[in-house]
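Letters A, B, ... are given to chains in the order of the sequence lines, protein chains preceding strands, and every chain is numbered from 1.
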Number of protein chains: 2
Amino acid sequence: MTSRKVVSFENIKVACKNCSLATLCLPMGLTPDDVERLDCIIKRGRPYHRGDHLYRGGDKFHSLRVITSGSVKTYSPNEDGGEQVLGFHLPGELIGLDAIQDDCHTCSAIALETTAVCEIPFSQLESLSAIMPSLQHQMYRLLSREIGQDTEMLTLLGKKSAEERLATFLLSFSERFKQRGFSASDFFLSMSRHEIGNYLGLAVETVSRLFTRFQDENLLRVERKHVQLLDIPRLYDIVQGCDSAKSSQSRV
Amino acid sequence: MTSRKVVSFENIKVACKNCSLATLCLPMGLTPDDVERLDCIIKRGRPYHRGDHLYRGGDKFHSLRVITSGSVKTYSPNEDGGEQVLGFHLPGELIGLDAIQDDCHTCSAIALETTAVCEIPFSQLESLSAIMPSLQHQMYRLLSREIGQDTEMLTLLGKKSAEERLATFLLSFSERFKQRGFSASDFFLSMSRHEIGNYLGLAVETVSRLFTRFQDENLLRVERKHVQLLDIPRLYDIVQGCDSAKSSQSRV
DNA sequence: AGAAATTCTTGATGTTGATCAAGTCGTTTT
DNA sequence: AAAACGACTTGATCAACATCAAGAATTTCT
């Protein structure tokens, strides 16, 4: 409100070496010296608000981005107006890897809530990785991991039932929240039912019904975006498919 | 039959610079000098026969492989005995990128017919790429392209109808054969209906019925593995979805 | 605060593609 | 050549999930 500087967070220096996400992010496996050099090329801009685009399909590609807080949805606007949600991204996750191919973003990224990111100019990252073997190695691993995750998703969409898809989805968030030091069983989802359905290849109504069913079966409690997983082991059984859920279900 | 050496293909030196696939493969964008250095680390082994594994999920990762002739299916054996086909690979295509992540193959690769490959020891490739910026750049692009292809596949499996899936599949082969100097409209598929169905998330019976239907509609002629595309533009219309096929169909 | 617009839920109905079952064709084995 | 096997096709039936429709709960707008 007042123009007088009191405490401005803008002046607080953020650095990879102090970042709680370092172990989840690019710096993983680098020496402190290497992290320092990486830190020098990273730009930290203002936060995005819900609905802001980080980039759009077709935009020229400059930087990879690491989410540092908030969450992001990536999607590819497909020919007939609709969209395909490609992923939901949490702090520590790197986005934009698909754009290296031809210097042009092939999909769009939009903030699902107030979101901060680190921008890593790719040409500088590339130069740096040429003189830092550990960074180059880390980059190859990261790109490869992304491929591995995509192929897991292919199996999900190719073979799994609606029930298995939603269980997989919930456990993915559970694991990722846990990794980040949050509760594995009590969290808020920042995306709508519609977006979940789109991502999982299901209709909104199916997602809604499944939430209700899971709740009726005491697998979880859900109220709007707030989810509490009550029986994680049985959710894992559902993910396995083959109705093996029944076998682990305590027979009364 | 005789042990006397007459003409042995084994003695014929193969080199990237003479390879007709160079423009589709890693050497793309490298200077002749760079190709020479890359060539030095590549191993060319004996061909695989139909059904031979190039590697299996869980195997230690040593090398990326480029198909030079024949074709390969990659698949991930999933928990309950079944498998998910991840891709079909033609000459010039690189496989094994998913294994960089943790030095271990996450999926299996099997020859669909007599198949030859170049092996590229990854640790050597990595060292080489650190001193050859153009090779490093090419590697990043390649990995990024793989990610882009996977996300296209996600859209296919998430949103498209059976008809759209098969049309997309056929056109993908059409384009890839064309790129390689073969007919875009007359080719042999090296995989079974079962494998096509698995890849596309469809039952064998559905694939079979669709081939029949496409033939009845004069989109193609098919006899066992031999496919002749008769109306490629209309196949593209089908891929677009939205029944836009009708609009481009010449009204009589 | 009240109205309008979204988002989510729930029910009824419909359609696509899976599953089950049988038969044909082609290839391999003996 | 006959038999056995596997790949493919075709038909009949079924189930899972989409679509359509309406109402409830929230959020946003004015």
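- Inter-residue side-chain proximity for B:Tyr55 and B:Thr74 is flagged as met; some heavy-atom pair is nearer than 4.5 Å.
- Side-chain contact between A:Val239 and A:Glu164 is absent, with no heavy-atom pair separated by less than 4.5 Å.
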Reading nucleotides 17-30 of chain D from 5' to 3' and marking B where a protein heavy atom lies under 4.0 Å of the base, S where only the sugar-phosphate is that close, and - otherwise, the string is SSBB-----S----
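- Between A:Glu113 and A:Lys225, no side-chain nitrogen of the basic residue sits less than 4.0 Å from a carboxylate oxygen of the acidic one, so the salt-bridge criterion is not met.
- Rounded to the nearest 0.5 Å, atoms CG (B:Leu235) and CD (B:Glu217) are 10.0 Å apart.
- Of all non-hydrogen atoms in B:Phe187 and B:His226, the two that sit nearest each other are O-CD2, 3.5 Å.
- Across the protein-nucleic acid pair, A:Glu164 atom CD and D:dA16 atom P stand 12 Å apart, rounded to whole Å.
- When heavy atoms are screened at a 4.0 angstrom cut-off, A:Ser208 is found touching base atoms of the nucleic acid.
- In summary, the aromatic rings of B:Tyr199 and B:Phe88 are positioned with their centroids under 6.0 Å apart.
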Show me the donor-acceptor pairs, under 3.5 Å and distance only, between side chains in residues 146-154 of chain B and residues at least two apart or in other chains.
from	atom 1	to	atom 2	distance (Å)
B:Thr151	OG1	B:Gly148	O	2.9

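- More than 12 heavy atoms of other residues, nucleotides or ligands sit less than 6.0 Å from atom CZ of A:Arg180.
- Atom C1' of nucleotide D:dA16 and atom CG of A:Leu166 are separated by 16 Å, given to the nearest angstrom.
- Contact footprint of chain B on DNA chain C: nucleotides with an atom under 4.0 Å from a non-hydrogen protein atom, first to last in 5' to 3' order, C:dG17 to C:dC20.
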